[in-house]
2 protein chains.
Amino acid sequence: MADKGQVNYEASDLYRIRHSAAHVMAQAVLEMFPEAKYTIGPPIEDGFYYDFDLPRSLTPDDLEHIEKRMRQIIAGNHPFVRKAVSAEEARRIFKDQPYKLELIEGLEKGNQDEYGNPLAEKPEVSIYTHDTFVDLCRGPHVESTRQINPAAVKLMNVAGAYWRGDEHNPMLQRVYGTAWRTAEELEEHLWRLEEAKKRDHRKLGKEMGLFYFSEDVGPGLPLFTPKGEMLRHLMEDYVRQVQTRYGYQHVWTGHLVKEELYRRSGHYDNYKEVMFPPMVDENVAFRLKPMNCPSHMTLYREMGRHSYRELPLRFAEFATLYRYEKTGELTGLTRVRALTQDDCHIFCTEEQVGSEFGLALRLIQEVLARYRFTDYRVRLSLRGEGGKYVQDEEKWAKAEAALRAALDESQLEYFEATGEAAFYGPKADFLARDVLGREWQLSTIQVDFIQPSRLGLSYIGEDGGEHIPVVLHRAVTGSTERFLGVAIEHFAGAFPVWLAPVQAVLVPIADRHVGYAREVAEKLAQEGLRVEVDERNERMNAKIRDAQTQKVPYMLVVGDKEMEQGGVALRLRSGENPGAMPMAEFLGRARKEIAAGE
Amino acid sequence: MADKGQVNYEASDLYRIRHSAAHVMAQAVLEMFPEAKYTIGPPIEDGFYYDFDLPRSLTPDDLEHIEKRMRQIIAGNHPFVRKAVSAEEARRIFKDQPYKLELIEGLEKGNQDEYGNPLAEKPEVSIYTHDTFVDLCRGPHVESTRQINPAAVKLMNVAGAYWRGDEHNPMLQRVYGTAWRTAEELEEHLWRLEEAKKRDHRKLGKEMGLFYFSEDVGPGLPLFTPKGEMLRHLMEDYVRQVQTRYGYQHVWTGHLVKEELYRRSGHYDNYKEVMFPPMVDENVAFRLKPMNCPSHMTLYREMGRHSYRELPLRFAEFATLYRYEKTGELTGLTRVRALTQDDCHIFCTEEQVGSEFGLALRLIQEVLARYRFTDYRVRLSLRGEGGKYVQDEEKWAKAEAALRAALDESQLEYFEATGEAAFYGPKADFLARDVLGREWQLSTIQVDFIQPSRLGLSYIGEDGGEHIPVVLHRAVTGSTERFLGVAIEHFAGAFPVWLAPVQAVLVPIADRHVGYAREVAEKLAQEGLRVEVDERNERMNAKIRDAQTQKVPYMLVVGDKEMEQGGVALRLRSGENPGAMPMAEFLGRARKEIAAGE
């Protein structure tokens, strides 16, 4: 179903509520510190902030006081009034506010908005007033302070921030707040924050012993323990199986190539900044691969003449790529320097673009469902104005129409983003919400009209003539590392049974049950289950608690009774306690749940 | 079974026969070109050569003539007579032979043997004479020319060779010959040469479309096609399964680390030459991993405190390593710059070294048998004299005894090589013969006393104190690339069914059978077989011939009769023709052969 146009936060009521709450907060702060200098206070995702230059640091008590005063101001039902002013007039109003004067100067020059961001057109200077407070502001705001729900506003914390983000400027105090329509929405938001902290994949990754970063190896270069590697392996193995079923073939092209190839493909100019430094000897420079396209295309060419009968050819590879992200921007597994893409390049004719795109859509839907991502939408990025796009009106029109038709047929929710296409062709990105409602860009399908010709690819058509194939770039989960980071948070570490690195832990009650526990473990392993025996000298309850921390799906307690009857006593990580059962019954249950993707 | 002492080629009858044949050849050449200058002529693997400075290039006719004359000399039954001479006397004898005079000078100085190789001790100068020919020579030779079997000698070819291998010296003509005990042995050798040419993995790799090298990517950096990647995948997947069954765990540590880590581990000094150039920015230098040990040990350490209860810990990884081999030394897949080791590091106590070594021996035996390598022996490399070995008498003695005991128990054929150990501990290498009798060093197990302490590893012992673990380095197939190269030649491309990238090709007789062929292919794929349909517009015989070139195990011909009966007509790559059978019968046969490793 086409949902034309991206949801526009700036046009939403929440944006107006938060923007207005920021003004109300600034009023309260100024009342408390009349000598305060105030700077900017925009709405942000899930809330707002305001930056102040204050005579002293704010305390938690101050925040409480400010919040209380905000509720009083809100109760006053003061209207927000906009007024266009000349720069001269604005300078008079803010004569004691040096930061505002700097902003006015920018507005007057016509190259910056009131937040100091660059602007294309010279804006009108305007102010917004409510009660005693006046701010340099383009809006929009609610009509009156009573449209801010006082039960749905909360100040969160204070942090340091340099004026205009520049460390050479004075350090300001940034007060963060959040505002919602209802107290319930606020509650839910606070729960999500709390839950996100608990689910943070860096925290869970450590608790569950999945991966580590080492100063000795380097930033952004994760090391995966046996459990972490098992997750990687299961994820890649699963996608490989699906890809094979969809007629994809896998190739292998290593981790580095001559720099010269990237100069020819055009990547050098566009990606130089994110490439690792070159490996240079006297004769040649090599680069770690930041992407696979030139390698897959080179393989296609080296394989010799291709006939239209071979197309579409779908080359998939789980290749670790290296990108030299700034160390300050690295975040656990979701922003790394080593990323293993489940990459694919589909070589096809122009006529096959639509059906190949549709096939990729179905494949992605199947995989996302397996990971219980069911709430997602597709952004269809189309060509806009401007010279960056490859000039071939007919190709663009045909490809865009083919993609739109395939999306319409797919019944997927999608919206169009004009001017967001890559320079080489239109693309579709999957934006999936996790259980906390956060949106992640995961899968992508991109049409490419340009690289195949730059790298000299061809096929012999039905007409006997030489043609240039179109290439579709496609990634399903994106990268193993990032997807794993997202999945850890999505599942809060409690992976579905099929994906759990350890599926069952045998918990012998006393030392005399260890032999039997090993026997059971051995049998289950032979049946293909991933099983451990907890042989530590600990009490049963401690072992169960630890297995729950590790989010192991099945805990199998074995004592005298179980030994006698040749069974196990099953407990689940949820706390449920199905109790004693014969081995076969447990095995049947486990198999059923694995097959069902539970 | 211990076979103490390596088989010594120099002490063998074949060595004496070949050395003597080289003298006989030189006599024949000198008779043909009295002005010839002769240089050196040693026995080599499978034969001998002699280097001459001649007035003109030798032709194939010349070789025939020389070979004929050699048989006459042999028939003369001339004794080989040794005589010790002074350098003075030698100079008189070879007064017209400048190369010999140069050699005599080396012998006199006492630092070179008669082939110009460096020597530890000053040698006695000696000459060998038979018939009219005299050579500067230390022997050994047969007693008389009749001990060379004239029916088992053959001249092979002529090639250029610089005097002493130095391109600044004159270019000589090197005549290669081969000599055996019997005509049958010679025949077999010639067959092996012919067969080796046919089986050359570079040739077969191209014919079967398995891998390519591209100038655009770089020398020694193979690109694997879908079929080649499938081989890699099946090989690694198989070893992974075996390793898992043997209690190994898999980890993932990426492809690069900070150079500093290699300085600490000691690899920088020993491996600098084979590392790719560094990737350097202002703050740090990274290196592509030439080996995994420091990464696995760093992971062990980052995982936190280890207890003796966790040991042995076996970390395995299929990691692509990069070694900057000289381009002139690269050979197809058997000498590459990108090698994916099936590497493992076993962290254990000193007491566990013997049992872990034994476990690794059994694992290797199982894997080699799967690839039908049954003829192999183990070289047990022990410490020798000299300062390079880590100084810890007790550790060496214990480890060497443990390895010997495990080998004795394993019933493997092994020999001891004193002074061949690594500086950090004793090791065992598997030398396996392929079907052509060529010996390849594949698997290795190495004991390491030193890196664990350099990189700060420890575990808490049963005594509550801190101890340093011993590490065993172990590789089964060595590297995926090299082992695949060897396996292609070993199987002549006709991989066992379980390993064949394509297991069955459907051959529809006419266009009207294509639909049915696809249906059958679909069903077989669902049963887990790797199947293709040959839909080309070719005659059936051409399709069968091509499938045979591709060494596909099963060709399934389908025509009217098969469609009617719902069956297939089976042909084998061997040329056998089992004929028409129901689908179920074929499937049963395939499954049985796959399970049997056929």
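Hydrogens, waters and symmetry mates play no part in the numbers below; they use all other heavy atoms, side chains included. Letters A, B, ... mirror the listed sequences (proteins, then strands); counts begin at 1.
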* **B:Glu522 portion near chain A, given a 4.5 angstrom heavy-atom threshold** => neither
* Asked: Contact part of B:Tyr324 toward chain A, heavy-atom cut-off under 4.5 Å: side chain, backbone, both or neither?
  -> side chain
* Asked: Do A:Arg309 and B:Asn537 come within less than 4.5 Å of each other through their side chains, counting heavy atoms only?
  -> yes
* Heavy atoms only, distances under 4.5 angstrom: which of B:Gly228, B:Pro226, B:Gly304, B:Pro294 has the most pairs with chain A? Name it, please. => B:Pro226
* Asked: So which of B:Pro278, B:Gly254, B:Gly209, B:Ala285 has the largest heavy-atom pair count under 4.5 angstrom toward chain A?
  -> B:Pro278
* **Contact leader toward chain B among A:Thr340, A:Thr320, A:Thr253, where contacts are heavy-atom pairs under 4.5 Å** => A:Thr320
* Asked: Relative to chain B, which of A:Glu260, A:Met303, A:Gln249, A:Arg536 shows the most heavy atom pairs under 4.5 Å?
  -> A:Met303
* Structure fact -> Greatest number of non-hydrogen atom pairs under 4.5 angstrom with chain A, of B:Val257, B:Val284, B:Leu256, B:Asp237, falls to B:Leu256
* Should we say atom OH of A:Tyr271 is surrounded by more than 12 heavy atoms from elsewhere, each under 6.0 Å from it? -> no
* Below 4.5 Å from any heavy atom of chain B, which atoms of A:Tyr322 appear? Answer side chain, backbone, both or neither. => side chain
* Structure fact -> Most contact-rich option vs chain A, by heavy-atom pairs under 4.5 angstrom, among B:Glu302, B:His255, B:Lys258, is B:His255
* Look at B:Lys227, B:His250, B:Glu259 and state which one has the largest set of heavy-atom pairs under 4.5 Å with chain A. => B:His250
* To do: Return yes when atom CG of A:Asp463 has more than 12 non-hydrogen atoms of other residues, nucleotides or ligands closer than 6.0 Å, and no otherwise.
  => yes
* To do: Please flag which part of A:Phe213 lies under 4.5 Å from any non-hydrogen atom of chain B: side chain, backbone, both or neither.
  => backbone
* Asked: Which region of A:Glu310, side chain (C-beta onward) or backbone (N, CA, C, O), has a non-hydrogen atom less than 4.5 Å from a non-hydrogen atom of chain B, or is it both or neither?
  -> neither
* Asked: Looking only at heavy atoms, which two atoms of A:Pro277 and B:Met279 are closest? And how far apart?
  -> O-CG, 3.1 Å
* To do: Give, as side chain, backbone, both or neither, the part of B:His296 having an atom under 4.5 angstrom from any heavy atom of chain A.
  => neither
* **Atom CD of B:Glu329: over 12 foreign heavy atoms under 6.0 Å** => yes
* With only heavy atoms counted, which part of A:Arg264 is less than 4.5 Å from chain B, the side chain, the backbone, both or neither? -> side chain
* Close side-chain approach of A:Arg337 to B:Phe286, heavy-atom, < 4.5 Å -> yes
* For A:Thr298 and B:Ser214, which heavy atoms make the closest approach, and how far apart are they? -> CG2-OG, 3.3 Å
* Structure fact -> From the list A:Leu313, A:Leu261, A:Asp281, the residue making the most non-hydrogen contacts under 4.5 Å with chain B is A:Asp281
* Asked: Picking from A:Phe315, A:Phe276, A:Trp252, A:Phe224, which has the most non-hydrogen pairs under 4.5 angstrom with chain B?
  -> A:Trp252
* To do: Check each atom of A:Thr244 against the heavy atoms of chain B and say whether the ones under 4.5 Å are side chain, backbone, both or neither.
  => neither
* Structure fact -> Cut-off 4.5 Å, heavy atoms of chain B, and the answer for A:Arg301 is side chain
* Asked: Checking A:Glu215 against chain B: side chain, backbone, both or neither under 4.5 Å from a heavy atom?
  -> both
* To do: Output the option from A:Leu455, A:Leu223, A:Leu221, A:Val280 having the highest count of non-hydrogen pairs under 4.5 Å with chain B.
  => A:Leu223
* Let me know if A:Leu299 has heavy atoms under 4.5 Å from chain B in its side chain, its backbone, both or neither. => both
* **Pair A:Arg240 + B:Glu229: basic N to acidic O under 4.0 Å** => yes
* **Contacting moiety of B:Leu288, where chain A heavy atoms sit under 4.5 Å** => side chain
* Could you tell me whether the side chain of A:Val251 reaches within less than 4.5 Å of the side chain of B:Thr225, counting heavy atoms only? => no
* To do: Measure distances from A:Val217 to the heavy atoms of chain B and classify the residue's part below 4.5 Å as side chain, backbone, both or neither.
  => both
